[in-house]
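Notes to accompany the following structure.
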There are 2 protein chains.
Amino acid sequence: MKKKKKEVTIYDIAEELNVSATTVSRALNDHFSIGKKTTQAVKKLAKEMGYRPNIIASGLRKNKTNAIGVIVSWINRPFISSLISGIEDVADKAGYNVIISQSNDSFEKEITKAQTLYASRVEGLIVSLAMDTKSYNHFYPYRQNNIPIVFVDRVSFEMETDKVIINNFDAAFTATEHLIEMGCKRIAHFAGAQHRNIYKERQDGYIHALKKHNLPVDEQLILHSNLSMEEGWKGTRRLLSLSHPPDAIFSANDSAAVSAIQCAKEMGIRIPEELAVAGFNNDRISSIVEPPLTTINHPAIDMGKIAAQQVLKQKKNREMVESETVILKTELIIRQSSMRNRLAKGPTSDSESC
Amino acid sequence: MKKKKKEVTIYDIAEELNVSATTVSRALNDHFSIGKKTTQAVKKLAKEMGYRPNIIASGLRKNKTNAIGVIVSWINRPFISSLISGIEDVADKAGYNVIISQSNDSFEKEITKAQTLYASRVEGLIVSLAMDTKSYNHFYPYRQNNIPIVFVDRVSFEMETDKVIINNFDAAFTATEHLIEMGCKRIAHFAGAQHRNIYKERQDGYIHALKKHNLPVDEQLILHSNLSMEEGWKGTRRLLSLSHPPDAIFSANDSAAVSAIQCAKEMGIRIPEELAVAGFNNDRISSIVEPPLTTINHPAIDMGKIAAQQVLKQKKNREMVESETVILKTELIIRQSSMRNRLAKGPTSDSESC
DNA sequence: TCAGTTTACACAATCGATTGCGTAAAAATC
DNA sequence: GATTTTTACGCAATCGATTGTGTAAACTGA
């Protein structure tokens, strides 16, 4: 019948039991100075009365929110959503909530979101930078307040923070070298924005592989774009209509690589015989396209888990220790889009599962 | 040099300006009773001193957290991550944070997560139920406390809450009828767990289409599974080795459907000539597989947006109004995996983009 | 048995912002 | 100029839990 059910507080419990709120609070927290029976009684009554601790009040006193903020470009991307999944997993186990927000790859939005999360007093921040982020002042408040920041995947070396990354250079190098080993002599590259570390590093790895094997680096074969499917398609058309077209494409992501395969096929180019293709990320589409796409596997979930662990670790080591960079292993997944030699036959080891 | 930078509070500002904290608080909130100059001065100084409101203290007083909780099975699924993306979008614009948590499709975890979010005092809850959730007591505390609950996609009609769903029955009916119109006479169905509404409704829609067109419903052709790629593959093998195999498969999701295509092709069955296939969800893989998969488009992002709006709306209408169910439109996307008549030639309208 | 220890609990301040109520000072009214 | 009305702001309680300090009562040991 009571319309406004007031929430039960420790005072209500205290009154009922004729003890002080202090005692109730301590009992609920298993403080040693409270008698066994009292503790039992308090807990019992608390449950009966449907008490739930007011973590806002508690948070005010203890200056805690139990929240970790996450800023990513878009949640609905295969890599990102797996990353978040990993973050949520360890954060939850440590008793933290995960607040997500997306920058939509916009610098301005990233700033806004960073401010919002700061105002929300998150106890840690995990960021995968927006495509066009070039300055980092919006993270300074965190720094000044000693709030752990961890950069993941798309990071900046201008800021000294913990980072969780992969070795993009090596991965790209490996993929490119693989194409070379498959006999490709003229390898094109779908590159991303060069101010974003991952794309720069991938391009560098690609170039390094060419150089190591004494292949010329032809600027004409390096196409910069946002790596969307459309751009992949357009780029492929462009490349294949060159007077001296490439015999392989190494794309900095899978979307564009898949488009390349589709476009080339439509143009009657055989893959991998006439054009070998390799991508990056091991998205699900990479194993579905025909022929299946050779790509780099990215340990997305692990990166998320480790990023969250870094936040927790930093919170422990109150005194600013050296910032740490964790580099995770990647793996070249060889599929048919690049298998030009007759030795390789069936699909190789693959982490295909659902 | 100061090691522990204490945070600036309204008291600090008040002192500096020789006014009361009350005035500062009101000035910052543009209260009418505070003079123009005073307000200006307060805001100016606040900015200079690097003041940030303590939303915990404010939240305690106003009993607000500005947080909306979300429980989903797995964040890293195409449909789910898009859903969340939509939620975050409107929640953020309304000044709310989104706390995500995943049930991993486990009933027990769903309970735990619901409790955690309840303890965190989220002001609203958006849920897509776990696969094996059959009771709903864990949501009662929300109900008792008048905290808005919105079910999305995987819902339960046992609980009266706002819901955002699609018409699975109609969508499945449409897809199945499409297969029938393409000349298929013996259509199999990959079905999911029948206690989860969406899979039950899809199966019902499938059956209804068969009946409408006087086709027999053969239990042998209805395979229940978790709809994973493995299960899709196994199911296809089983179906195709029947003495009287089906000439079409309607799968309740795209993963299993794609596997069906792959498996059938490997077995030398031509698609769609010998086996037409249709899926559900319009995942990216559906447009990549060959032949491209006919499927049902699911407005995931919109569902998320609307779910968030429902939460906000409920918060406004304090008095329990009737709970509302929003049913979103789906769309049959016809691709080549089902195009058996010679009329249809090129790919039809498709929402292919990146 | 009495000083010294433990045990078990209460007091009251505190975290920072909000808000109902009250009131001097300034402005308006006649 | 006296009175009423506005304007602009302060006082103090409040939100609910936490915690340093203080203290009766119970217990210990010689």
Side-chain angles (χ1 to χ4, degrees), chain A residues 4-43 45-47 49-67 95 118-123 145, chain B residues 4-43 45-47 49-67 95 118-123 145:
Chain A
K4 295 286 168 202
K5 305 181 36 113
K6 287 277 296 176
E7 290 238 10
V8 181
T9 72
I10 54 172
Y11 297 97
D12 300 327
I13 300 177
E15 195 170 15
E16 200 87 6
L17 248 45
N18 282 319
V19 296
S20 73
T22 303
T23 299
V24 174
S25 171
R26 293 202 167 118
L28 291 171
N29 291 303
D30 286 311
H31 193 280
F32 69 96
S33 82
I34 302 300
K36 199 103 197 211
K37 302 161 219 161
T38 311
T39 301
Q40 295 294 320
V42 167
K43 287 188 175 176
L45 184 59
K47 182 161 294 181
M49 294 177 72
Y51 168 76
R52 68 167 164 169
N54 188 326
I55 50 109
I56 315 180
S58 163
L60 172 59
R61 186 65 225 260
K62 300 200 287 192
N63 201 30
K64 278 191 62 85
T65 55
N66 280 316
Y118 179 69
S120 298
R121 288 182 137 71
V122 293
E123 296 183 36
N145 246 286
Chain B
K4 294 287 170 203
K5 307 180 33 112
K6 287 277 296 177
E7 291 236 10
V8 181
T9 71
I10 55 172
Y11 297 96
D12 302 325
I13 300 177
E15 194 170 15
E16 200 87 5
L17 248 44
N18 282 320
V19 296
S20 73
T22 302
T23 300
V24 174
S25 171
R26 293 198 170 122
L28 291 171
N29 291 303
D30 287 310
H31 193 280
F32 70 96
S33 83
I34 303 298
K36 198 108 198 205
K37 302 160 216 163
T38 311
T39 301
Q40 295 294 319
V42 167
K43 286 188 175 175
L45 184 60
K47 183 162 292 181
M49 295 178 72
Y51 168 77
R52 70 166 162 168
N54 188 325
I55 49 109
I56 315 179
S58 164
L60 172 59
R61 186 65 224 260
K62 300 201 286 190
N63 200 31
K64 278 190 62 83
T65 55
N66 281 316
Y118 179 69
S120 297
R121 289 183 136 70
V122 293
E123 297 183 36
N145 247 285

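Letters go in sequence order (proteins before strands), and every chain restarts at 1.
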If only atom types and distance count, is the side chain of [X] paired as donor or acceptor with the main-chain N or O of [Y] below 3.5 Å?
{"X": "N29(B)", "Y": "H31(B)", "result": "no"}
{"X": "S25(A)", "Y": "A21(A)", "result": "no"}
{"X": "S120(B)", "Y": "V122(B)", "result": "no"}
{"X": "D12(B)", "Y": "T9(B)", "result": "yes"}

Just how large is the angle between the end axes of the helix from dT1(C)-dA30(D) to dC30(C)-dG1(D), five pairs per end, to 10 degrees?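 Both end axes considered, the difference amounts to 30°.
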Can you find a pair of side-chain heavy atoms, one from [X] and one from [Y], that are under 4.5 Å apart?
{"X": "I10(A)", "Y": "L28(A)", "result": "yes"}
{"X": "R52(A)", "Y": "R121(B)", "result": "yes"}
{"X": "I34(A)", "Y": "V42(A)", "result": "no"}
{"X": "V24(A)", "Y": "L17(A)", "result": "no"}

Under 4.0 Å between a side-chain N/O of T38(B) and OP1 or OP2 of dC9(D), yes or no?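 Yes, T38(B) has a side-chain N/O under 4.0 Å of OP1/OP2 on dC9(D).
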Taking only heavy atoms on the protein side, list every residue of residues 21-35 of chain A lying under 4.0 Å from any atom of DNA chain C, sorted numerically.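 Correct list: T22(A), T23(A), R26(A), S33(A), I34(A), G35(A).
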Would you jot down, in residue-number order, the residues of residues 8-17 of chain A having a non-hydrogen atom under 4.0 Å from DNA chain C?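 Output list: empty, so none.
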Please list, in 5' to 3' order, the outermost nucleotides of DNA chain C lying under 4.0 Å from any heavy atom of chain B.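 Contact boundaries, 5' end first: dG16(C) to dC21(C).
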For Y51(A), check ring-ring contact (aromatic ring centres under 6.0 Å, His included) against everything at least two apart and list the hits.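 Y51(A) satisfies ring-ring contact (aromatic ring centres under 6.0 Å, His included) with no other residue.
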Is D30(B) salt-bridged to K43(B), going by a charged N under 4.0 Å from an acidic O?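 Salt bridge between D30(B) and K43(B), a charged N being under 4.0 Å from a carboxylate O: yes.
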Residues S20(A) and T23(A): side-chain donor-acceptor under 3.5 angstrom: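 Short answer, yes.
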With sequence neighbours excluded, tell me which residues meet side chain to side chain donor-acceptor pair (under 3.5 Å) with R26(A).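 So R26(A) forms no side chain to side chain donor-acceptor pair (under 3.5 Å) with any residue.
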